[in-house]
Trainee: 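Here it is: the structure, laid out below.
Naming convention: chains lettered A, B, ... in sequence-line order (proteins, then strands); numbering from 1 in each chain. Below, all heavy atoms of this structure are taken into account, side chains as well, without hydrogens, waters or symmetry copies. Every value quoted in this text rests on a predicted model; they were computed, and no experiment measured them.
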2 protein chains.
Amino acid sequence: MADKVTSFDVARLAGVSQSAVSRVFTPGASASAATRDKVTKAAEELGYRPNTLARAMITGKSRVIGVVVAYLENQFYPMALEYLDRALKERGYHILLFMAQNDGNVGQIVEELMSYQVDGIITASVDMSNDIAKRCDDAGIPVVMFNRGQETGTLAQVTSNNIEGGRTVAHFLASGGHRKIAHVSGWQGSSTGLDRMRGFVDGLKDHGVEPVAIEDGRYSQDDAAIIARKLCGTSDRPDAIFVGNDHMAFAVMDCLRFELGLSVPEDVSIVGYDDVPIAAWPAYDLTTIRQPINKMVTATVEILLARIEQGAASERIQIPGPLKIRGSARKPKGFST
Amino acid sequence: MADKVTSFDVARLAGVSQSAVSRVFTPGASASAATRDKVTKAAEELGYRPNTLARAMITGKSRVIGVVVAYLENQFYPMALEYLDRALKERGYHILLFMAQNDGNVGQIVEELMSYQVDGIITASVDMSNDIAKRCDDAGIPVVMFNRGQETGTLAQVTSNNIEGGRTVAHFLASGGHRKIAHVSGWQGSSTGLDRMRGFVDGLKDHGVEPVAIEDGRYSQDDAAIIARKLCGTSDRPDAIFVGNDHMAFAVMDCLRFELGLSVPEDVSIVGYDDVPIAAWPAYDLTTIRQPINKMVTATVEILLARIEQGAASERIQIPGPLKIRGSARKPKGFST
DNA sequence: ATGAAAGCGCTAACAT
DNA sequence: ATGTTAGCGCTTTCAT
C-alpha cells in the first residue's frame, strides 16, 4: 500500500500541473510561493516522494557511487567505508556496494557497475583495482583508486606516501639500535606493498643496514603468522620486524607472544602500517604508520566528484602518514622523524 | 566515450527491432537462436549493457536492497555486511548502503530509502531499527531486522536466541564455580541487550546465584571499560563477568589486564557474545556465544526475498547460538550445555 | 510563473 | 518468434 503516489496525483490534489510539482521538488527551479505551498501540502498529505530512478533516467545522473571493497576483516576497510559514506552523503551521493571476492570476477563487477548507471566508482584497496579501474575508465565512468595505485598511468588514485612511510619506519627502527631487521611485506603485487617495502629497504640503507629477511605476507594473517614462525622460531631471530599492515602485525605479535613465548618489544620490536583502531588497544599497543584515512577519504571524494561534476582531470594524490609511536617497538632516545 | 549505447543502436546494427534486443537481454524471454546471435554480436561490438534504471522503472523492481548499518568498528557489522552481500548477490540483488549516524536522522534515511525505490530493507543491529523498520513497513516496503527485535509486533526479524545464550553463559559460569558474577550488559534499550541479560539472570537463578552487579555498557567500549574499572578496582571484585558482546569484552579484558594488573581467567573469568573473528585471536582467546552469522544472514535474505518476490508473511526467527569455549574463562569439569 | 508536450531507455501487452 | 505500440515517473524545452 505504498509508493504508487506520483507527481500527477499530487498535481491533481494541489490543482496544478504535473510540471509544477516537479519544479517544487527540483532544487533550482522556479515556483511561486503559492504553488510551492499547495504542492508541499498535497505531497505531504499523500506521502509523495519523487522517484529517484525516474529522475536519474532523465538527468543521466544517478547520484550513486559504486564502491568496490574486499576483505572487510581487515579493519581498515570498514573504517574507510564508514568515512566514505559520510563524505559522499554530505554531497548527496549514496554507495552501491560491491564486494570483490578473492576469486574475483572482475568482468561481472564491471558489468554490474555500468548497468546500474553509477556516476562514479571508488575501488578501495582491492587486489584487482587496476583491472576494474581501467575498464571502467575506458567506459567513461570516473574512477578513483583508494589506497592503491599503479606505477605508471593516469588513473586517479589516492594513497598515503607509502615510500616515505616505509622509510620512516626504517629510520625509527635503526635509530632504536636494531640491526637484525626483517620485513613481512604487504602483497608484493600491490603498489602499497611494494612501496612500503622499497622505502623501508632504502631507509635502512641510509643507516648502513640490510634487512635480514623480506617475505611476502600478502596481507594475509595466516601467511604472516607462518612467516613469523619461520623467522623467529630459531635463536638467530631478528630483533625487529616491520609488518606491511596492522592486520598482519596483530597476527605476528600473537604468534611471537603466544606461540613462541617471546616478548614484544623486549625480544622483538614490531611496527605496523595503517593505525586502525585496534592498534591502539592495550593488548597490542602497536607502533605504526598512521594512514590518515579521513584525509584520504576526503581527497578521494573530492577528486571523484570534481571529475563527475566538472569533468576535472584525474589526480594522483599522496598524503603523508606520520609514525604513531606506541609500545610495540623499542623507542630510540630523542627520536625525530 | 561511453554508455550512450541504447537498445535502439543495437537493434539497428543487428537489423532487428528494439524489442528483440530487449528480449535477448531478458532472462525469461523468447528469441530465436539467429536473433539472439545477431543481437549478442551487435551488443558486444557496441559495448552495450541494458540500463538497469530504465528496467527498474517499468518492472517496479530495482533489485536493490537498502542495508542500514551503524558503527562498523564492532567487527560483527562488517562481517554481516560481507555475508549479506554474498547472499544477496547470489539472488541477483545489490546493496545500497546507509550508515545510521548515532545522532540518527531516521526520517532522512527513510526518505532516501524510499526515493531510491529499494525493493526491500535490512536493518543491521541499528539503534533505531524499530523506528526505521516500522516506517518503511508502513510504507509497504518489506523490512527485516537483523540481529535486533522488538518485544511485541509483527515486523520480520532474525536474531540468535539471546535469552538461551544468556542462560548458557550463566550455566557455564556457575558450573565453573563462580559465585561473584557481574554482567556488563548490551544496550538495555535493545532487545538483544535485554534478552541476553534476562536469560543470564534467569540462568543464574537456577544455580541459586544472584549477580553481584549489572551495568549497562551500551555496546560501547568506553562505557564498558569504565564499568570494568569500577567493578574490579576494589578488592571486592567479581570473579567472573559476562559481557554483552565481544566488542565490549575486549575492552573489559584490556582494562583488567593492562590497567588493573589482573589475570584473565585466573583472577576474573570473561565471557562475551558474538564470536567475531578477533575473539579467536590468541591475545583474547575469548570464550563467547557464537552468533551463527552465516545462518542468520541466510535466513534474513530468505525471509526478505520471500516477502518481496512471493509476498510471503513476516517471519520472526531465532537461531540458537552455541557456546564457544576458549581460554578467557575458567572451564567447569565435564561441562555440558 | 506555469502548463503542454516530448521524451529518458526500457519492458510488456498486443498483434501478426 | 518478432515487430508495434504504449507507457513507467519524471525533467525539460517550449509556449503562453
Trainee: Contact class for B/Ser32 (heavy atom, under 4.0 Å): base, sugar-phosphate, or nothing?
Mentor: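 Sugar-phosphate contact only.
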Trainee: Can you check whether B/Lys4 has a side-chain N or O nearer than 4.0 Å to OP1 or OP2 of C/dG9?
Mentor: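 So the side chain of B/Lys4 is within the cut-off, an N or O lying under 4.0 Å from OP1 or OP2 of C/dG9.
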Trainee: Does B/Ser17 make a side-chain N or O approach to OP1 or OP2 of D/dG3 shorter than 4.0 Å?
Mentor: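 Affirmative; the distance criterion is met.
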Trainee: Taking for each residue the nucleotide of DNA chain C with the nearest heavy atom, is it A/Gln18 or A/Ala33 whose nucleotide lies nearer the 5' end?
Mentor: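 Mapping each residue to its closest nucleotide by heavy atoms, the 5'-most match is A/Ala33.
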Trainee: Determine: side-chain N/O of B/Ser30 to OP1/OP2 of D/dT2, distance under 4.0 Å, yes or no.
Mentor: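 No.
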Trainee: Just how far, in rounded Å, is P of C/dA13 from CZ of B/Arg23?
Mentor: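 Between P of C/dA13 and CZ of B/Arg23: 11 Å.
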Trainee: Ignoring hydrogens and angles, answer whether the base of C/dA12 and the side-chain atoms of B/Thr59 contain a donor-acceptor pair closer than 3.5 Å.
Mentor: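 Donor-acceptor pair under 3.5 Å: no.
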Trainee: List the atom of A/Arg148, the atom of A/Ser191, and the distance in Å for their closest heavy-atom pair.
Mentor: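 Between these two residues, the closest heavy atoms are C-OG, 3.8 Å.
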Trainee: Are a donor atom and an acceptor atom from the side chains of B/Ser115 and A/Thr52 found within less than 3.5 Å of each other?
Mentor: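 Yes.
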Trainee: In terms of side-chain geometry, is the basic nitrogen of A/Glu309 or A/Arg91 positioned less than 4.0 Å from the acidic oxygen of its partner?
Mentor: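 Salt bridge between A/Glu309 and A/Arg91, a charged N being under 4.0 Å from a carboxylate O: yes.
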Trainee: Hey, which sits more toward the 5' end of DNA chain D by its nearest nucleotide, B/Ile58 or B/Ala31?
Mentor: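 Checking each residue's closest nucleotide, the 5'-ward one belongs to B/Ala31.
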Trainee: When you measure only distances, ignoring hydrogens and angles, does the side chain of A/Arg49 come within 3.5 Å of the base of D/dG9 through a donor and an acceptor?
Mentor: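 A donor-acceptor contact between them is absent.
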Trainee: Looking across every strand, which nucleic acid part, if any, lies under 4.0 Å from A/Val21 by heavy atom: base, sugar-phosphate, or nothing?
Mentor: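 Here A/Val21 touches no strand at all.
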Trainee: Please determine whether a side-chain nitrogen or oxygen atom of A/Arg55 lies at a distance below 4.0 Å from atom OP1 or OP2 of D/dC10.
Mentor: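 No, outside the criterion.
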Trainee: Taking the minimum atom-to-atom distance to the side chain of B/Ser19, which one of C/dC10, C/dA12, C/dC8 wins?
Mentor: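 Comparing C/dC10, C/dA12, C/dC8 against the side chain of B/Ser19, the answer is C/dA12.
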Trainee: What's the shortest heavy-atom distance between B/Ile319 and B/Pro292, and which atoms?
Mentor: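 Closest heavy-atom pair between B/Ile319 and B/Pro292: CG2-CG, 3.4 Å.
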Trainee: Counting only side-chain nitrogens and oxygens, does A/Ser22 get under 4.0 Å of the OP1 or OP2 atom of D/dT12?
Mentor: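 No, because none of the side-chain N or O atoms of A/Ser22 sits under 4.0 Å from OP1 or OP2 of D/dT12.
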Trainee: Quick one: do the B/Asp37 and B/Thr35 side chains pair a donor with an acceptor below 3.5 Å?
Mentor: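 On atom types as modelled, these side chains do not qualify, holding no pair under 3.5 Å.
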Trainee: Ignoring backbone atoms, test whether B/Ser7 places a side-chain nitrogen or oxygen under 4.0 Å from the OP1 or OP2 oxygen of C/dC10.
Mentor: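 For B/Ser7, the contact criterion (side-chain N or O under 4.0 Å from OP1 or OP2 of C/dC10) is met.
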Trainee: Report the nucleotide, chosen from D/dG3, C/dA12, C/dG3, that has the shortest atom-to-atom distance to any side-chain atom of B/Ala20.
Mentor: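 Selected nucleotide: D/dG3.
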Trainee: Compare side-chain N and O positions of A/Thr35 against OP1 and OP2 of C/dA1 and report whether any pair is under 4.0 Å apart.
Mentor: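 For A/Thr35, the contact criterion (side-chain N or O under 4.0 Å from OP1 or OP2 of C/dA1) is not met.
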